[in-house]
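First up is the structure itself, then whatever we jot down about it.
Any value given below was found using the heavy atoms of this structure, including those in side chains, with hydrogens, waters and symmetry copies removed. In this chain, numbering begins with 1 at the start of the sequence shown.
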Amino acid sequence: MLTKTKFALLGLTAIFSIAAFPQATGQNPEYTSDAQLRLPEHYREWIYLSSGFDMSYNPATPMGHHMFDNVFVNPDAFRAFMKTGRWPDKTIFVLETRQGESKGSINQAGNYQDTSVMSLSVHVKDEGHFPGKWAFFGFGTAKTAKLIPQSADCYSCHTSHGAVDGTFVQFYPTLLPVAKDKGTLTPAYQQETSNSR
């Protein structure tokens, strides 16, 4: 009887500890004392949304090489989007770019991704930090990055062309149907789509 009581008390203590001191999920944006964003260390364990190949929003931009971009989003934000068709506060997107390779192993045609990362950029929704709710950060090889100024083209481009809340949901094949079903596509995107048909 005493042993059962001890186990019951230990169980209650564990439950109380978890409730009182929730474990960090690593899914919220973290900043340094000088307001730089910390790169989410385990972003590749997040939800993979899509990959683009040689994508460019400027038709006059020659690249000289093939490029893949891979997009990941934090799991909490993904689950919220699947329920509502909207991005919650503290949403974090990571855009990872890698060079395309064509010669290697048994590959005879097409391209595959190189092992090294060319660049990383992060798109964060943090309403308590940024007047426009969303912000961009560009990472080189560092683990922290300064805010890209609000005057940069990426802000106006996302605002004008993003299918949902300034994000390019139109390029994420598993999310676009959700946004259509929930009725969260922006009027600007819908007009843009109808004009391109």
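Note on Glu96 versus Arg44: salt bridge recorded, some NZ/NE/NH1/NH2 to OD/OE distance being below 4.0 Å.
The CG atom of Leu49 lies 9.5 Å from the CZ atom of Phe81; values are rounded to the nearest 0.5 Å. In this structure, Tyr155 OH and Thr159 OG1 are separated by 10.0 Å, a value rounded to the nearest 0.5 Å. Note that OG of Ser50 is 9.5 Å distant from CG of Leu175, once rounded to the nearest 0.5 Å. Within the model, atoms CG of Asn195 and CD of Gln190 stand 12.0 Å from one another, a figure rounded to the nearest 0.5 Å. Separating the OG atom in Ser51 from the CG atom in Leu95 is a distance of 9.5 Å, to the nearest 0.5 Å. To the nearest 0.5 Å, atoms CG (Leu39) and CZ (Phe137) are separated by 11.5 Å.
Contact annotation: the side chain of Ile92 approaches that of Trp46 to within less than 4.5 Å [non-hydrogen atoms, C-beta and beyond]. Side-chain contact check for Tyr48 versus Val71: every heavy-atom pair is 4.5 Å or farther apart. Side-chain contact between Ile148 and Cys154 is present, with at least one heavy-atom pair separated by less than 4.5 Å. Contact check for Phe93 versus Val124: no side-chain heavy atoms found under the 4.5 Å cut-off. Side chains of Glu192 and His161 form a contact here, defined as non-hydrogen atoms less than 4.5 Å apart. Side-chain contact between Trp134 and Thr167 is present, with heavy atoms from C-beta onward closer than 4.5 Å. At least one side-chain heavy atom of Leu37 sits under 4.5 Å from a side-chain heavy atom of Val122.
Between the side chain of Thr91 and the backbone N or O of Trp87 there is no donor-acceptor pair closer than 3.5 Å. A distance-only check finds a donor-acceptor pair linking the side chain of Ser194 to the backbone of Gln191 [under 3.5 Å]. Side-chain N or O atoms of Asn74 include one that pairs as donor or acceptor with a backbone N or O of Gln27 at under 3.5 Å.
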- Item | Evaluation steps, side chain to side chain contact (heavy atoms under 4.5 Å, CB included), between Leu147 and Phe130 | CA-CA 10 Å; Leu147 173 72; Phe130 311 115; 4.1 Å; yes
- Kindly determine whether Thr97 and Asp69 satisfy side-chain hydrogen bond (donor to acceptor under 3.5 Å, both in side chains), including the steps that lead there. CA-CA 4 Å; Thr97 60; Asp69 55 69; over 6 Å; no
*Could you go through the side chain to side chain contact (heavy atoms under 4.5 Å, CB included) check for Leu120 and Tyr43 one step at a time?*
CA-CA 11 Å; Leu120 287 166; Tyr43 72 88; 3.4 Å; yes
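Applying the salt bridge (Lys or Arg N to Asp or Glu O under 4.0 Å) test to every pair with at least one member in residues 86-95, sequence neighbours left out, gives these pairs: Lys90-Asp126. Counting only residues at least two apart or in different chains, salt bridge (Lys or Arg N to Asp or Glu O under 4.0 Å) contacts with residues 145-172 comprise Lys125-Asp165.
In terms of heavy atoms, Pro40 sits closest to Val94 at CG-CG2, 4.3 Å. Among all heavy-atom pairs drawn from Ala145 and Gly138, the shortest one is CB-O, 3.3 Å. Residue Leu176 comes nearest to Leu185 through the heavy atom pair CD1-CD2, 3.8 Å, listed as atom of the first residue, atom of the second, then distance. Taking both residues in full, the closest heavy atoms of Ala188 and Ser160 are given as CB-O, 3.9 Å, listed atom of the first, atom of the second, then distance. When all heavy atoms of Val73 and Ala77 are compared, the closest pair comes out as CG2-CB, 4.2 Å. Val169 and Ala179 get closest at one heavy-atom pair: CG1-CB, 4.3 Å.
For Tyr172, there are no side chain to side chain donor-acceptor pair (under 3.5 Å) partners, not counting sequence neighbours. Partners of Asp34 under the side chain to side chain donor-acceptor pair (under 3.5 Å) rule, at least two apart in sequence or in another chain, are Thr32, Gln36. Judged as a side chain to side chain donor-acceptor pair (under 3.5 Å), and not counting sequence neighbours, Gln170 has no contacts. Not counting sequence neighbours, the partners of His158 by the ring pair (Phe, Tyr, Trp, His ring centres under 6.0 Å) test are His123, Phe136, Phe168.
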